[in-house]
Peer 1: 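Quick one: this structure, given as structure tokens, is what I'll be asking you about.
If you're wondering where the values come from, they're calculated on a predicted model, not measured in any experiment.
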Amino acid sequence: MNRYNIGSLIICLPLDPISEPAMAFWRSKKTESTEPAGVIAKMVSGLQKTRRTLNTDIRDLFKSQGRLVDDELLDELFSKLIRTDMGTGPAEIIRDDVARRLRGRVVQLEEVLETITEQTRSMLAQESTGLRFADSPPTVILVVGVNGSGKTTSIGKLAYHLHSTGKKVVLGAGDTFRAAAVEQLTIWAGRIGCDIVKGNEGADPASVAYQTVERGVQTGADVVIIDTAGRLQTQTNLMQQLDKIRRVVDKKIEGAPHEVLLVLDATSGQNAISQAKGFSEAAGCTGIILAKLDGSAKGGVILPIREQFDLPVKFVGLGERVEDIASFDADSFASALFAE
């Protein structure tokens, strides 16, 4: 990694990937991966824990000869759905839809799963999941979230996703108060093969953001992704700092940031709801990255997030590898959630 000191900032450019041992290791590891083909297969793999819980629980409600859809079954189904942290509202909608379609009939498991999948798909539908790119590059993406949500890792995955589609990406290590975050993002940049701008420890995050956007303009980058310090939505001073970053990048490129993506930890379940509420109001969020979906059986939390907030889920994190991110697709997600 080449380093260039410019005042309080350090701009790092990746070495020739052929000559950098770390990149050689990364590439050899990547070729050995067995990434499932297709979005649905990726979703099925990433949602394994949630899917296993749902299918095991719902399957236990049925006998080989089927079961009558009555109040007892509907109440039991509701209880099973709640276990995925989807909340009472979405669970009630799904239960009531099953009742409307199937009440009074003896049905098999497959028929109930088909009905649940169709209703879930309808509840997750949203107008657009794609990133909103600027008319003239670079597109500036600000990424926010609480510490531990998977924010920095999600930035690395998003950068890889964009890089793999031919986009030139510059990263900005704006979390200058946490050395580990800067170090982690630097490793991601080296693995992916993109530029990174970072400041000395404790440097003004807004200054790093400005210099990152400036670097993106100078190098003809397509996308600039800026990390920010992890914060709680109740921390007024940090929220003010975030507002300063937004103003500073707007001075460099009018209308930037073009996206403010909120990273939510799926393993936190219902706690993710309060995070989404606070950030969507304070940070002007335009979309959500739902991280760590592979880490728990709480993947159902995506339903109340879509129910309560007018924020599209744009990406989902489905594993630990750099490739384990996917653009959100309601059809694929619903199918994967209840796939056998």
Peer 1: In terms of hydrophobic clustering (I, L, V, M, F, W, Y; side-chain heavy atoms under 4.5 Å; direct or indirect links), are Leu264 and Val146 co-clustered?
Peer 2: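 Yes: a chain of side-chain contacts under 4.5 Å links Leu264 to Val146.
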
Peer 1: Heavy atoms, side chains only, cut-off 4.5 Å: are Tyr160 and Glu323 in contact?
Peer 2: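 Heavy-atom side-chain distance check passes, below 4.5 Å.
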
Peer 1: Would you sort out whether Arg67 and Glu76 count as a side-chain contact (heavy atoms from CB on, under 4.5 Å), showing the intermediate values?
Peer 2: CA-CA 12 Å; Arg67 185 170 170 184; Glu76 291 175 1; 2.9 Å; yes

Peer 1: Out of curiosity, Arg132 CZ to Ile141 CD1, how far, rounded to the nearest 0.5 Å?
Peer 2: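 Answer for the CZ-CD1 pair, Arg132 versus Ile141, is 10.5 Å.
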
Peer 1: Is there a path of hydrophobic side-chain contacts, each under 4.5 Å between heavy atoms of I, L, V, M, F, W or Y residues, that connects Val197 with Tyr210?
Peer 2: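 Different hydrophobic clusters.
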
Peer 1: With a 4.5 Å heavy-atom cut-off, do Thr219 and Asp195 have their side chains touching?
Peer 2: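 Answer yes - side chains close enough.
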
Peer 1: Picking from Ile253, Val249, Leu131, Val223, what satisfies side chain to side chain contact (heavy atoms under 4.5 Å, CB included) with His258?
Peer 2: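 Testing each of Ile253, Val249, Leu131, Val223 against His258, the sole residue satisfying side chain to side chain contact (heavy atoms under 4.5 Å, CB included) is Ile253.
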
Peer 1: Using 0.5 Å steps for rounding, measure from the CD atom of Glu320 to the NZ atom of Lys292.
Peer 2: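 Going from CD on Glu320 over to NZ on Lys292, the span is 10.0 Å.
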
Peer 1: So do the side chains of Leu124 and Val313 get within less than 4.5 Å of each other, counting heavy atoms only?
Peer 2: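 No, side chains not in contact.
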
Peer 1: Compare every heavy atom of Ile82 with every heavy atom of Ala91, then report the nearest pair and how far apart it is.
Peer 2: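 Ala91 and Ile82 have their closest heavy atoms at CB-CD1, 3.8 Å.
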
Peer 1: One pair to check against salt bridge (charged side-chain N to carboxylate O under 4.0 Å, His left out): Asp324 and Lys157. What are the steps and the verdict?
Peer 2: CA-CA 7 Å; Asp324 291 333; Lys157 291 179 179 180; 5.6 Å; no

Peer 1: Does Asp250 have any side chain to side chain donor-acceptor pair (under 3.5 Å) partners at least two apart in sequence or in another chain, and if so, which?
Peer 2: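 Expected list: none.
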
Peer 1: Do Ile58 and Ile116 come close enough that some side-chain heavy atom pair is under 4.5 Å?
Peer 2: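 In short, these two side chains touch, coming nearer than 4.5 Å.
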
Peer 1: For Ile325 versus Ser154, what's the shortest heavy-atom pair and its separation?
Peer 2: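 Scanning both residues, the minimum pair turns out to be CD1-O, 4.4 Å.
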
Peer 1: Donor-acceptor pairs are to be reported for all side-chain atoms of residues 170-185 against protein atoms at under 3.5 Å, with residues two or more places apart or in another chain.
Peer 2:
unit_1, atom_1, unit_2, atom_2, d
Asp175, OD2, Arg178, NE, 3.4
Thr176, OG1, Ala203, O, 2.7
Gln184, NE2, Thr153, OG1, 2.9

Peer 1: Please round to the nearest 0.5 Å and tell me the distance separating atom CD1 of Ile302 and atom CZ of Phe328.
Peer 2: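 Interatomic distance, Ile302 CD1 to Phe328 CZ, rounded to 0.5 Å: 4.0 Å.
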
Peer 1: Do Asp222 and Thr139 have side chains that get closer than 4.5 Å, going by heavy atoms?
Peer 2: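 When only atoms from C-beta onward are counted, Thr139 and Asp222 do not touch, as no gap falls below 4.5 Å.
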
Peer 1: Heavy atoms only: give me the nearest Val169-Ile225 pair and the separation to one decimal.
Peer 2: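 Between these two residues, the closest heavy atoms are CG1-CD1, 4.0 Å.
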
Peer 1: In the structure I gave you, are the side-chain heavy atoms of Gln126 and Arg306 within less than 4.5 Å of one another anywhere?
Peer 2: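 Of all side-chain heavy-atom pairs linking Arg306 with Gln126, at least one is under 4.5 Å.
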
Peer 1: Are Ile187 and Leu158 joined in one hydrophobic group, where the rule is that I, L, V, M, F, W and Y side chains link up if heavy atoms are under 4.5 Å apart?
Peer 2: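 No.
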
Peer 1: If we only count heavy atoms from C-beta on, is the Thr115 to Gln119 side-chain gap below 4.5 Å?
Peer 2: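 A side-chain contact under 4.5 Å is absent here.
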
Peer 1: So if I apply the side-chain hydrogen bond (donor to acceptor under 3.5 Å, both in side chains) rule between Arg101 and each of Glu111, Glu114, Glu118, which one comes out positive?
Peer 2: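 Answer to the side-chain hydrogen bond (donor to acceptor under 3.5 Å, both in side chains) test with Arg101 among Glu111, Glu114, Glu118: Glu118.
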
Peer 1: Walk me through it: do Asp331 and Arg121 pass the test salt bridge (charged side-chain N to carboxylate O under 4.0 Å, His left out)?
Peer 2: CA-CA 6 Å; Asp331 289 347; Arg121 185 181 295 117; 3.2 Å; yes

Peer 1: Between Arg100 and Asp96, does at least one N-O distance fall below 4.0 Å, as a salt bridge requires?
Peer 2: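 No, this pair does not count.
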
Peer 1: If you measure from CG on Leu242 to CZ on Arg247, what distance do you get to the nearest 0.5 Å?
Peer 2: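 Output value for this atom pair is 10.5 Å.
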
Peer 1: Can you find a pair of side-chain heavy atoms, one from Thr120 and one from Phe333, that are under 4.5 Å apart?
Peer 2: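 No. Closest side-chain heavy atoms not under 4.5 Å.
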
Peer 1: Looking only at heavy atoms, what is the nearest atom pair of Ala221 and Pro137, with distance?
Peer 2: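 In this case the closest contact between Ala221 and Pro137 is O-CB, 3.7 Å.
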
Peer 1: Restricting to salt bridge (charged side-chain N to carboxylate O under 4.0 Å, His left out), what partner residues turn up for Glu92, sequence neighbours left out?
Peer 2: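 Not a single residue meets the salt bridge (charged side-chain N to carboxylate O under 4.0 Å, His left out) criterion with Glu92.
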
Peer 1: Distance from Lys151 atom NZ to Leu262 atom CG, nearest 0.5 Å?
Peer 2: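 Lys151 NZ to Leu262 CG: 11.0 Å, rounded to 0.5 Å.
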
Peer 1: Is the closest basic N to carboxylate O distance between Lys244 and Asp204 below 4.0 Å?
Peer 2: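 Judged by the 4.0 Å cut-off on N to carboxylate O distance, Lys244 and Asp204 do form a salt bridge.
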
Peer 1: Just verifying a value: how many Å separate Ile196 CD1 and Thr212 OG1, rounded to the nearest 0.5 Å?
Peer 2: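 These two atoms lie 8.0 Å from each other.
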
Peer 1: Identify the two heavy atoms, one from Ala326 and one from Leu318, that lie closest to each other, and give their separation to 0.1 Å.
Peer 2: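 Smallest heavy-atom distance, with atoms named: CB-CD1, 3.9 Å.
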
